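A short write-up of the structure that comes next.
Scope of the values below: all heavy atoms of this structure, side chains included, with no hydrogens, waters or symmetry mates. Numbers here are sequence positions counted from 1. Only a predicted model underlies this, so the values are computations on that prediction, with no experimental measurement involved.
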Amino acid sequence: MARPRSGENGELKIQYQRDKNGNVYAYTNTSYMENGEKRNKRTYLGRVDPETGGILPRVPGRSKEEKEAKKAESAIKELDRLHYADYGGVHFLDQVQRRVGVGECLARAFGTSSRKILACSIALCLADGGSFCDIGDVAETTWLTEYYGLKTSFDSGTLSKLTKSIGMSMDNIDEYYRYRVAGSMGVIAWDTTTKGTNTEMDGFADWVVGNKDGEDIRQVKVGVATDMRGVPLMERHFPGTLSDMDTVRYMIEDLRRFGREDAVLVMDRGFASGVNIKDLVDLGASFVVPAVDTWAGIKNAITEMRNNRLGRDEVFEGHAYRVWETELAFEEHPVRRVVDGRKAQSIVLPGSDGEDEDTRVKAFVVYDSKKYSDENQSMMVLMDDLMKRVTEIDAKDPVKAFRKMAGKSFSLFDVAADGRRAVVRPRVKTVSGRRNKMGYFVMLCSDDMTWESMMAAYDARRLTEQEFDEDKGTDRRFRTGNRQTMEGRMFIRHISTTLKCEIRATMREAGLDRRMPAQSAINRANAISGICSDGVCSIRNVTKNARTIYELFGFELPTTIERGVMICDVEKL
């Protein structure tokens, strides 16, 4: 129990203390016992008035909220006094997103959260292949947060909350894709790949035998749709074991739900099975798929065109082709079945026994003389190289050693062992048979596709593969075990990739994509700096490279520092 120290007249004894400036302060001491020990509690009374000797009343201290507000005000004043950071990259990427319409779609779908999402996506572009942990560093070294008027930080905790909240808002993500698809040009290239994860992803990730990366970990299937310029429109994620055709069905449902019945699905050879092609025909979808040249029906179609000299001459984008437009039929396989239990389908020439007379698929059988020349040249050089290298073999099993050396080209040779040496000679009929197929390819498509539209659409599929290469080159793993966080992160990365693909498409159309990657263009634009000192702002370091990039894209060079920029024209919303 505390007991007061008595002074004269029984009052508390006041103590005085003088500081180095001559100010005198008054205190009281109260003694009390705690756990058998005597302790003192010192209480500040106030400053002593030097004229009257009385104690001046204490000034109330600031609350926690007042202190934080004062600190924030000081930070703003310091920013106004001096701020020097990279500006050109943020401004350049903002102009790119406006050209694509990303900001408008985000604002319609996510409202006030759209600025944060776009800022994170732009930060990933500026991070040069970096990860989410680099977003905070980019925000610190650029004008990103000031440009969009954001008052938030991008530390790991804030990003985790943001990505999870995005992933929990699948309706908003779906709405964003609706606006993107609605504004596209109708040609949709669709492709899938798998991406590994070391967790179950809340039961979403599956073990996939023979996955595309050959990894012994759980997989999630990623499907991406792009427009005909290779710019992403939407992205979906599926359990790793879901069939490619099921993803196509869902894609068709989405397109029809989004009001795009005119979209053309363009896919790679991974979708090209007899059952899948027949399903696309039965669904009434517009599609383009390259056929596998090992199918008997495709081989027969190539042989018929070659032997009977069928077709017409066509030119597409300055390249000459010989084209035979025909129809192929479907035939049920007598024994083999697909995963869902249905009988497998073979693609055959019309008139074959057992064909389905009610279902046909359009086919373009194409001969490319340059393709023939390149393939024949490549085969002959490879065979010559192997014939020379075989003399280096000195092994217990020389045939096995040559098989390992030759790989898929082993079938072109007759190989025998001579002690520890291998004796090889070309198989004339095999080489001749392979040469007969050189220069040919077959494209399967819906009835509404013309030669020109088919070729233009198939170019988009190649660009979709580039998008996957971009994503895989950044990170081959999901770095979270939470499905909602995964969806949120992938959505931000999807927008980042959209901006990069738009840059790549523009540079490709200008004939510069081989000489300058998209990231180099971003880095050159980012060389422009912005500085503000005592309220006076200016643009610096406008290099020749930066001018070239801005001129190439038709953007005006920044002349002033912009703050609180809206991500789209509000009047369009």
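- For the pair K164 (side chain) and T485 (backbone), a donor-acceptor distance under 3.5 Å is absent.
- Taking the side chain as every heavy atom from C-beta outward, S131 and D134 approach each other to under 4.5 Å.
- Residues F491 and H237 place their aromatic rings such that the two centres sit no closer than 6.0 Å.
- Between R108 and E104, at least one side-chain N (NZ, or NE/NH1/NH2) sits under 4.0 Å from a carboxylate O, which counts as a salt bridge.
- With N300 contributing its side chain and A296 its backbone, the two residues share a donor-acceptor pair below 3.5 Å.
- Between E375 and R435 there is no salt bridge, since no side-chain N of the basic residue sits under 4.0 Å from a carboxylate O of the acidic one.
- Side-chain atoms of T163 come within 3.5 Å of backbone N or O of S160 as a donor-acceptor pair.
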Apply side chain to side chain contact (heavy atoms under 4.5 Å, CB included) to residues R99 and E502 and explain how you reach the verdict. CA-CA 9 Å; R99 174 175 290 180; E502 173 63 26; 3.4 Å; yes

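- To the nearest 0.5 angstrom, D94 atom CG is 7.0 Å from L118 atom CG.
- Aromatic ring centroids of Y440 and Y321 lie 6.0 Å or more apart.
- Taking the ring centre of Y367 as origin, the terminal cationic atom of R322 falls outside the region bounded by 6.0 Å and 45° from the ring axis.
- Looking at heavy atoms from C-beta onward, L349 lies in side-chain contact with E304 at the 4.5 angstrom threshold.
- Under the 4.5 Å side-chain criterion, counting only non-hydrogen atoms from C-beta, T194 is not in contact with V222.
- Contact check for V248 versus M267: side-chain heavy atoms found under the 4.5 Å cut-off.
- Between the CG atom in L242 and the CG atom in D206 there is a gap of 9.0 Å [rounded to 0.5 Å].
- For the pair R524/F92, no side-chain contact is recorded, criterion being any heavy-atom separation below 4.5 Å from C-beta on.
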Show your working on salt bridge (charged side-chain N to carboxylate O under 4.0 Å, His left out) between D374 and K371 and close with a plain yes or no. CA-CA 5 Å; D374 292 343; K371 185 173 185 288; over 6 Å; no

When you look at K500 and Q519, which way does the side chain to side chain contact (heavy atoms under 4.5 Å, CB included) test go after all the steps? CA-CA 8 Å; K500 282 192 173 183; Q519 191 63 53; 2.7 Å; yes

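- The cationic atom of R236 (NZ for Lys, CZ for Arg) does not lie both less than 6.0 Å from the six-membered ring centre of Y250 and within 45° of the ring axis.
- Taking CD1 of I122 as the reference point, atom OG of S496 lies at 9.0 Å (rounded to 0.5 Å).
- Classification of E325 and K362 as a salt-bridged pair holds, one side-chain N sitting under 4.0 Å from a carboxylate O.
- Looking at I188 and L255, their side chains come closer than 4.5 Å, going by heavy atoms from C-beta outward.
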Quick one, R256 with E261, criterion salt bridge (charged side-chain N to carboxylate O under 4.0 Å, His left out). Give me CA distance, side-chain angles, the key distance, then yes/no. CA-CA 5 Å; R256 290 175 177 174; E261 302 267 351; 3.8 Å; yes

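- Judged by the 6.0 Å distance and 45° axis criteria, R483 is positioned over the aromatic ring of F204.
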